[in-house]
Structures are given as structure tokens and as C-alpha cells.
Amino acid sequence: MPPKKRKADGEVAVAGAARPPSTSLLAALSEAAARPLSWRKVSADGLDVDYCRLLDGALADRTLAALEEDVDYFTGDLAQVFVFGKWHDIPRQQCSFGDAGLSYKFSGRTVPARPWPQSLLALRAAVERAAGTDFNFVLVNRYRSGADHMGEHQDAEKELDPAAPIASLSLGQARDFVFKHRDARRPRPHKRDIPPVKILLEHGSLLLMNHPTNQVWYHSLPARRSCPGVRVNLTFRRMLRA
DNA sequence: ATCCTGACAGTATC
DNA sequence: GGATACTGTCAGGA
């Protein structure tokens, strides 16, 4: 389908009858998810992702404000990672929410899923509608500045449903997201020259990572000194029950 | 100045 | 049970 001009997003929302400022965030998110979305597909060998602007600027602002209010991030052990013989503070803030009984493994430890806060339930419903998939878990990453980042990795844990996409909602500072083919990062004899795929993840955007992307490509969020603002990212997943 | 790459251990998993 | 994966930081080069 033809891509929409970005400007239309905000103006369509304003064109109808004036909405009272008391419109709940839940209702506004529900309405946003019911609108037709303009998806941009990005494909490469083994890579299949879809990108769209799910929330217009004003709604993305409100959503980010609600999350900044509602979400507390891990501290202590859960905010550290053991890499190459040393403990480090992870270069970002992190926490997770999910249905009762779910947990996930990160850096060798099992992290419990907290119960969903209200604002996150509304957001989950909107993302589920846009993605056409039900999710039972979300990992929230908060990048405090352009120095915060995440290294190359795959989301291919055994407990993830391989058939379900992972839906990544971005709020706040736009940042580059980089996919790298697994064969492009092998040691030299067998290294293949496959160019990385970069996508700018904008305020209010939704990225779907479809099968088999996460089995074939690594992804990362590199540091960007010229992007100093706060970014909050939510990756909705479907976990298999143990 | 900024970004990208490779080297760096030890534990866990298959 | 030998091979592979996983994580972040730092130094060096483009």
C-alpha cells in the first residue's frame, strides 16, 4: 500500500470533533490501534520486518509520560551483567512485565515478570491489535542518553514462541536500530560480506520482527552521541509456558 | 569527533 | 563432552 505522508497522522486525529482533554489514555490508544496503519516492509536474506507509526506525536508523548510515571526499573543484581570475567552495570535501564508465572533468562539469571500496570495493559492491547498477535510478556528498556545502548544479540530464547513476531514500540528519542546477518559477524575464514540493515526507530513507531529474522540476524542499538534524549522501548513477546 | 571492529573469560547450554 | 553462545568495554583504525 502507498506510504502516507507523515504529517497526516497528527492532523487526522485533530480533524474530527474536538476531544475533551479528559479522554483516557486507554481510549486514545484503543482508537489509535483501530486506525488503518501504513506499514513499510523491510526484507533481506532471512530478514522480515514491518515498520509503522502506531502513535502520533501527541499520543506518543502521553504514553511516554504515563510510562515514566508507572514503570520502575530494576536495581541491584538485576541491573548488572557478567561479561568476559567482569560485572558491569548494564548500559541502560531495564525491567519486565508479564502474565502470572512467566519469567525470562537474561545473562544467566531468571528474571521474574512483574504484573502489568494499567498503562501497559492498554498499550499491550493496542500493539496486539496492530500486530495481529497476542503477547504475554514485555521487556522494557530505557536509554537515558545517547551513550546508553544495547549490544548485538538475538531474541531467540528457547522459551519464546518462534512463530510469533516480536513487537517493538519506541517512545522518545529516535535511535538507529541495526540488524547484522549472523554470517557477517563470523570470524574471517567464513565471514560473508552482507551489509547491515539500519532502521531509524521514531517516537511512537512500531517494529515487527517476523520469523525467521531472529534466528538469522542479530540486532543492536548502538550508542549515538548526537541523540542525547531519553528513549523508552518495549518489546512485546509471546512466551511459551514451561 | 564519531563510528565500527576485534580482542577480551568464564559460565551455561546443546 | 567438545563446540558454540552469550554479554559490555576498551583500544585502535577508518
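What you are looking at is a predicted structure, and each value in this text was computed from that prediction instead of being measured. Below, chains carry the letters A, B, ... as their sequence lines are ordered, and counting in each starts from 1.
The separation between A:Lys86 atom NZ and B:dC8 atom P is 12 Å, rounded to whole Å. Atoms CG (A:Asp148) and P (C:dG8) sit 11 Å apart, rounded to a whole Å. Atom pair A:Asn141:CG and C:dG8:C1' shows a separation of 14 Å (rounding to whole Å applied). Per the geometry, CG belonging to A:Asp193 stands 14 Å off C1' belonging to B:dC4, to the nearest Å. In this structure, the CD atom of A:Glu152 is 8 Å from the P atom of B:dT5, given to the nearest Å. In this entry the distance linking CD1 of A:Ile90 with P of C:dC6 reads 17 Å, nearest Å. The interatomic distance linking A:Glu159 (CD) with B:dT13 (C1') rounds to 12 Å, in whole Å. Rounded to a whole Å, the CE atom of A:Met150 is 13 Å from the P atom of C:dT9.
No side-chain donor from either of A:Arg53 and A:Ser38 sits under 3.5 Å from a side-chain acceptor of the other.
With both ends at atom C1', the span from B:dT11 to C:dC10 equals 22 Å, rounded to whole Å. For the C1' atoms, the distance linking B:dG10 with C:dA11 amounts to 22 Å, nearest Å.
In this structure, A:Gln154 reaches the sugar-phosphate backbone alone: every heavy-atom distance under 4.0 Å involves primed, P, OP1 or OP2 atoms, never a base.
In summary, of the residues considered (A:Thr133, A:Asn136, A:Asp161), a side chain to side chain donor-acceptor pair (under 3.5 Å) with A:Arg238 occurs for A:Asp161 alone.
In terms of phosphate contacts, A:His153 brings no side-chain nitrogen or oxygen within less than 4.0 Å of OP1 or OP2 of C:dA5. Here A:Arg92 reaches the OP1 or OP2 of C:dG8: one of its side-chain N or O atoms lies under 4.0 Å away. A:Lys198 has a side-chain polar atom (N or O) that falls below the 4.0 Å cut-off from OP1 or OP2 of B:dC4. Look at A:Tyr218 and you'll find a side-chain N or O under 4.0 angstrom from OP1 or OP2 of C:dC6. Contact between the side-chain N/O atoms of A:Arg224 and the OP1/OP2 oxygens of B:dC4 is found at a separation under 4.0 Å.
Nearest heavy atoms, A:Val49 versus A:Asn210: CA-ND2, 4.1 Å.
Judged by Watson-Crick or G-U wobble contacts below 3.5 Å, the nucleotide B:dA1 has no partner.
Although no hydrogens or angles enter the test, the distance criterion places no donor-acceptor pair under 3.5 Å between the side chain of A:Ser205 and the main chain of A:Cys52.
If you check B:dC3, C:dT9, B:dA9 against the side chain of A:Phe84, the one that comes closest is B:dA9. Of all nucleotides listed (C:dT9, C:dT7, B:dT2), C:dT9 comes nearest to the side chain of A:His149. If you check C:dC6, C:dG8, B:dT5 against the side chain of A:Lys180, the one that comes closest is B:dT5.
Seen from the ring of A:Trp116, A:Arg124 counts as a face-on cation partner, given the 6.0 Å and 45° thresholds.
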